[in-house]
Amino acid sequence: MKPSFLIILFLMLHSSGIVGQDMIGEEELFLKNLNTLYQDPDQSIRVANFLYANAENDIEQTRALYLLAESEKLKGERSNSVANLYKAKQNLKEGSSPFLLSLVLVSISERCRISGMDDISIDYLAQAELTSKKIHLEPHRTIVDTKILIERSERLQSKSNYKAALEYSQRAEAILKEKPEVSPVLNAMVGNEIGHIYLEMNRVNLARDYYNRSLDILRQSGLKNSSVEATSLYGLGRISLAGKDLQLAENYFKSALNSKTVEEEQAVSITKELSEVYKQKDSIPAYRTYYLESSALASSISTSERSVRNIILSQIEQEQEQQLLSRQESYVLIGGILVFVVVIGLFIYFIYNKKLDREYARFKKLLEKIENEEKLHAEEKLDASPTQSTKSLVIPESTEQAILERLEDFEKSTKFTDTNMSLNLLAKQMKTNTKYISEIIRTSKNKNFNTYINELRVNHIIHLMKTDRKYLTYKVSYLAESCGFSSHSAFTVVFKSITGLTPKQFITFLKKSKKEKSPSF
């Protein structure tokens with residue numbers, strides 16, 4: 001069990017406005033910090049380190065790493081931020097958390113775009129969109145879809161395609177309107193995006209409305225003095241500067257700079273605009289101060305971006321090497337499986353051929369008997385032991401001899417192929433009773449009636465197959481019917497009990513034997 005009490009205590013110290021419940025899980029803590037990190041990234045870094053130290057699985061570690069990376073970005077620690085994003089990406093197992101992976105991929109896409117690696121950025125954003133389709137929880141889907149739309153909008157804004165960018169931002173706005181409670185900070189960020197687009201399109205009144213709306217959201221959510229608020233104030237300052245209200249513009253820009261959290265890119269833009277305000281006021285010292293500050297920050301960012309690009313390229317190279325290694329391991333595994341399958345296949349083939357050889361040897365012996373006009377008999381006789389009733393049965397010798405002669409004629413005929421043949425029918429044909437015919441078959445043939453008839457039928461069909469080639473082309477069911485069996489299955493069972501082979505095997509071997517010698521029969 002995790003120290004839930006310690007987590008709660010930590011949260012209470014973190015912000016009195018965040019914790020309103022007695023028990024707060026890591027998931028809720030993570031989502032809350034996605035809002036508050038824009039207000040106090042230092043505290044969010046401490047929370048992230050705490051979560052990472054107490055993580056019990058990959059998902060909990062990834063939450064902490066993502067929170068850490070986003071907080072470091074706000075503080076200008078770009079290299080650490082990107083490194084932790086890739087660490088978070090590598091930390092997630094396939095399919096373990098589409099939500100977290102999507103967030104990570106969107107952030108990496110953003111870092112690549114800002115660093116001028118547009119093609120790579122597009123690839124990561126496409127991965128994020130694909131992964132987001134696997135998210136099941138609606139709040140998670142709302143957050144990720146909004147972030148993807150914001151990134152798409154910012155990409156288009158960087159290319160001055162404001163009309164298309166506005167469409168993406170408005171789609172994000174529509175998503176958040178359905179669930180405004182999911183992320184107040186995202187609501188404010190989307191408002192700032194739309195405000196910026198309208199300002200670039202010279203639709204000043206709409207721009208002002210959206211910036212003010214964002215400020216209202218932040219104040220109502222207790223997220224004042226955040227980097228998002230600084231963006232809103234910067235936008236209002238630009239509007240004032242464009243309207244030549246220099247004092248109001250100065251107030252907005254300075255309020256933005258005085259926010260508790262200001263991103264480096266924001267600081268560059270704000271100080272640059274402040275220098276323009278003072279230039280128009282003819283306050284040259286202040287103009288130079290802010291101009292030089294803006295230039296120094298821009299230079300620092302440029303240097304940092306080179307480092308970020310190197311880290312991204314290094315990470316991509318590592319990923320490619322891992323993928324190559326994974327493929328090689330897969331090829332080795334597949335190769336091993338194929339070799340195993342081939343070996344097993346050859347072994348089975350060898351065993352099968354051995355079995356075929358044994359069965360063919362059995363067939364050759366059968367064929368030798370057939371060619372010597374020997375009758376085939378079942379290897380195991382059916383129960384023909386005398387019963388109490390037959391022990392006392394006495395048949396006159398003349399009667400027995402007459403019946404045997406009739407049986408000999410019956411065996412030379414094809415009457416046994418009648419499917420209705422029974423002991424009663426045979427007794428009538430032999431002009432005797434069932435007891436006499438049964439006893440004579442038992443004593444003279446050493447088998448019971450069923451075995452006697454079945455052997456006649458099987459020997460008959462074998463003779464036909466051997467002497468008439470067309471019988472080798474018939475279906476087994478037809479062969480069964482031809483010799484008096486009522487079903488395919490019964491014929492197969494009886495045929496194998498007498499020959500040791502199935503009808504199909506016998507036909508195959510008979511064809512083979514005919515090919516081995518000249519067709520003289």
Regarding [X] and [Y], do their side chains bring together a donor and an acceptor under 3.5 Å, going by distance alone?
X	Y	result
Arg46	Asn49	no
Glu70	Ser107	yes
Asn225	Ser259	no
Arg155	Ser121	yes
Gln318	Gln90	no

Side chains of [X] and [Y]: closer than 4.5 Å at any heavy-atom pair?
X	Y	result
Asp40	Thr261	no
Ser183	Asn35	yes
Arg113	Glu151	yes
Phe253	Tyr234	yes
Ser97	Thr62	no
Lys87	Gln61	no

Salt bridge (charged side-chain N to carboxylate O under 4.0 Å, His left out) contacts touching residues 172-192 (sequence neighbours left out) |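 Sorted result for residues 172-192: Glu173-Arg213.
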
Where at least one partner belongs to residues 223-249, residue pairs that pass salt bridge (charged side-chain N to carboxylate O under 4.0 Å, His left out), sequence neighbours excluded |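 Counting only pairs at least two positions apart or across chains, the salt bridge (charged side-chain N to carboxylate O under 4.0 Å, His left out) contacts touching residues 223-249 are Glu200-Arg238.
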
Can you tell me how far the CD1 atom of Ile344 sits from the CD1 atom of Ile337, to the nearest 0.5 Å?
->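 Reported to 0.5 Å precision, the distance equals 13.0 Å.
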
From Leu125 atom CG to Gln127 atom CD, the distance as rounded to the nearest 0.5 Å |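 If we round to the nearest 0.5 Å, Leu125:CG and Gln127:CD are 10.0 Å apart.
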
Can you sort out the partners of Tyr290 under ring-ring contact (aromatic ring centres under 6.0 Å, His included), two or more places apart, ordered by chain and number?
->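 Tyr278.
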
Partner set under ring-ring contact (aromatic ring centres under 6.0 Å, His included) for Tyr211, not counting sequence neighbours |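 Tyr211 satisfies ring-ring contact (aromatic ring centres under 6.0 Å, His included) with no other residue.
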
Quick check: closest heavy atoms across [X] and [Y], and the distance to 0.1 Å?
X	Y	answer
Ala256	Val262	O-CG2, 3.3 Å
Leu67	Leu34	CD1-N, 4.4 Å
Glu265	Ile301	N-CD1, 3.9 Å
Ser227	Gln266	O-NE2, 2.7 Å
Ala249	Gly237	CB-O, 3.5 Å
Ile45	Ser71	CG1-CB, 3.4 Å

Name every donor-acceptor pair, under 3.5 Å, that has one atom in a side chain of residues 140-150 and the other anywhere in the protein, sequence neighbours excluded.
| unit_1 | atom_1 | unit_2 | atom_2 | d |
| --- | --- | --- | --- | --- |
| His140 | NE2 | Glu27 | OE2 | 2.5 |
| Arg141 | NE | Ser132 | O | 3.4 |
| Arg141 | NE | Asp145 | OD2 | 3.4 |
| Thr142 | OG1 | Glu138 | O | 3.0 |
| Thr146 | OG1 | Thr142 | O | 2.7 |

Between [X] and [Y] (side chain of the first, backbone of the second, donor and acceptor by atom type, cut-off under 3.5 Å), is there such a pair?
X	Y	value
Ser275	Tyr287	no
Ser226	Gln39	no
Gln505	Thr502	yes
Ser255	Asn251	yes
Ser102	Pro98	yes

Just wondering, are more than 12 heavy atoms of other shown residues or ligands nearer than 6.0 Å to CD in Glu481?
->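 Counting other residues, nucleotides and ligands, CD of Glu481 stays at 12 neighbours or fewer.
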
Distance under 6.0 Å and angle within 45° of ring axis: Lys272 vs Tyr291 =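 The answer is no; the distance or angle limit is not met.
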
Name every donor-acceptor pair, under 3.5 Å, that has one atom in a side chain of residues 188-195 and the other anywhere in the protein, sequence neighbours excluded.
| unit_1 | atom_1 | unit_2 | atom_2 | d |
| --- | --- | --- | --- | --- |
| Asn192 | OD1 | Ser214 | OG | 3.4 |
| Asn192 | OD1 | Ser232 | OG | 2.6 |
| Asn192 | ND2 | Val228 | O | 3.1 |
| Asn192 | ND2 | Ser232 | OG | 3.2 |
| Glu193 | OE1 | Gln157 | NE2 | 2.7 |

Should the ring pair Phe363 and Phe509 be called parallel, tilted or perpendicular, given that the plane angle runs from 0 to 90° and is split at 30 and 60?
->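 Correct class here is tilted.
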
